[in-house]
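Working notes, structure below.
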2 protein chains.
Amino acid sequence: MPFTRVEVAVLSLLEGQLCVLLIKRKEAPHKGLWGLPGGVLRIDLDATLEGAAQRVAQERLGAKLPYLKQLIAVGSKTRDPRSPWALSVVYRALIPITSIEPLPGKRIEAIRWAPAHEFDVDQKLAFDHQALARSALAATKIEIDELKLPVGFLPDTFTLTELQTLCEQLAGRALDKSSFRRKLKDRMMVEPVEGKFVGGANRPALLHRLKPNLD
Amino acid sequence: MPFTRVEVAVLSLLEGQLCVLLIKRKEAPHKGLWGLPGGVLRIDLDATLEGAAQRVAQERLGAKLPYLKQLIAVGSKTRDPRSPWALSVVYRALIPITSIEPLPGKRIEAIRWAPAHEFDVDQKLAFDHQALARSALAATKIEIDELKLPVGFLPDTFTLTELQTLCEQLAGRALDKSSFRRKLKDRMMVEPVEGKFVGGANRPALLHRLKPNLD
DNA sequence: TGACATAGTGGCTTAGTGCAACTAACATGT
DNA sequence: ACATGTTAGTTGCACTAAGCCACTATGTCA
């Protein structure tokens, strides 16, 4: 049976920039290199694959990861020098802007938020984690293009401009305000929270929330 | 390490109907039940996950499966009674209309082509194979809606009507002729083979082929 | 030569999108 | 009080893409 792991690409927004969480490896192989957080599947501890991803995130980062989405499984003889056959199931997580900062845990020397644009150029990450991170970013872009709202990133209430700015970060391009709002309205994806406004020295914005269980 | 398998949902067209290949299990567990063909990942034999799917298909069906696409990995403690932890990586294959008929191989009592509509209603398949087959059909529908041509099904040359009929089978609904052809033309996905026609007692159709490496 | 069947095209309508201009509502400075 | 600046939110318009449907084209066969 193969050496089986789960890896997690954790995405968040820092200062308006979409970033991927990288960890600096404390042990061989690839000691000192940056990579995605991950860990071995423990058949004694984990009930499901997603549960394994949750446990690994808890151990490595001290953080619970809502809205996990499985991206792909990769496996081959040569992926990992520790084993003659290495299989990894890769998950993506979106964590809210206001979320607590993950901290380095087991076997991690440091963590770092790598801006998305770093992955446009080649960099040396551990194993095949460069490709995995890229596919996590690409998958997220596609979801935004399909107007799947980034539920994991959203606070309970938000303004439409905040939502649009968030989607623009994830999609990596500017979106049209009127089109964006038309789509939200037509598909009834959000609803205003009556009488709730926020604003500075200008017109206040009406707060909205997600409509329940509608995609 | 978990008990790791690959499963394959093989799709083909029989008499114009989209079908999924099912095998009748010769051994426990679920002996006598129908399920998807699959087998254990062999780290001594398989170089990659996709290679494992190929090997399993060869052993079970005596057929080579081009155009494999990974759908998902599923795993939990309770999926398979043979093991305290079972992980399966699921692939989908499209095999051409003119392809050779798969034959029952190792540990298979019989094979059967189950029409797609059978999966609309609940039926008793082995393990969670009902859900896996459904997700293979759904993924294929989505690809057609996005006008990803079903390369695995296509002969070298074909008429546009043949292509449309094929897509209609996969999508499960009728498509508009002029829209369909406009899209093919606009995106330059196919090209006519000059001077090649086929036809019966009516206007002959111009044969086309896929344009190379364009999606 | 005309009926018939299938291939292939074009015209109309409607829906969705991007672009840009417009109005609305707030704070602030004079 | 009122002009100004800034952001919120709306509206109109042109363009594109899609579905619907009718039309023309080209073969066989009686």
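Chain letters run A, B, ... following the sequence lines, proteins first, then strands; residues in each count from 1. All figures in this text were calculated on a predicted structure; none of them were measured in a lab.
Side-chain atoms of B:Thr161 and B:Arg181 include a donor-acceptor pair closer than 3.5 Å.
In this structure, the side chain to side chain donor-acceptor pair (under 3.5 Å) partners of A:Glu118, at least two apart in sequence or on a different chain, are A:Arg112. B:Thr140 meets the side chain to side chain donor-acceptor pair (under 3.5 Å) test with B:Arg92; sequence neighbours excluded. Residues satisfying the side chain to side chain donor-acceptor pair (under 3.5 Å) criterion with A:Ser178, sequence neighbours excluded, are A:Asp176. Among residues two or more places apart in sequence or in another chain, the ring-ring contact (aromatic ring centres under 6.0 Å, His included) test is passed with A:His30 by A:Phe127. For the side chain to side chain donor-acceptor pair (under 3.5 Å) test, residues two or more places apart in sequence or in another chain that qualify with B:Glu191 are B:Arg209.
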Base, backbone or nothing for each nucleotide of nucleotides 17-24 of chain D, written B, S, -, heavy atoms under 4.0 angstrom, 5' to 3'? -BBBB---
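Here chain B contacts DNA chain C (any atom closer than 4.0 Å to a heavy atom, that is under 4.0 Å), and the contacts span C:dA5 to C:dG11 from 5' to 3'.
Residue pairs meeting the side-chain hydrogen bond (donor to acceptor under 3.5 Å, both in side chains) criterion with at least one partner in residues 197-208 of chain A, sequence neighbours excluded, do not occur; the list is empty. Residues in residues 46-57 of chain B take part in these salt bridge (charged side-chain N to carboxylate O under 4.0 Å, His left out) pairs, two or more places apart or across chains: B:Asp46-B:Arg55, B:Arg55-B:Glu59.
Along DNA chain D, the nucleotide nearest to A:Ala201 and the one nearest to A:Leu160 differ in position, and the one closer to the 5' end is contacted by A:Ala201.
Computed from coordinates, the A:Leu184 CG to D:dT10 P distance equals 12 Å when rounded to whole Å.
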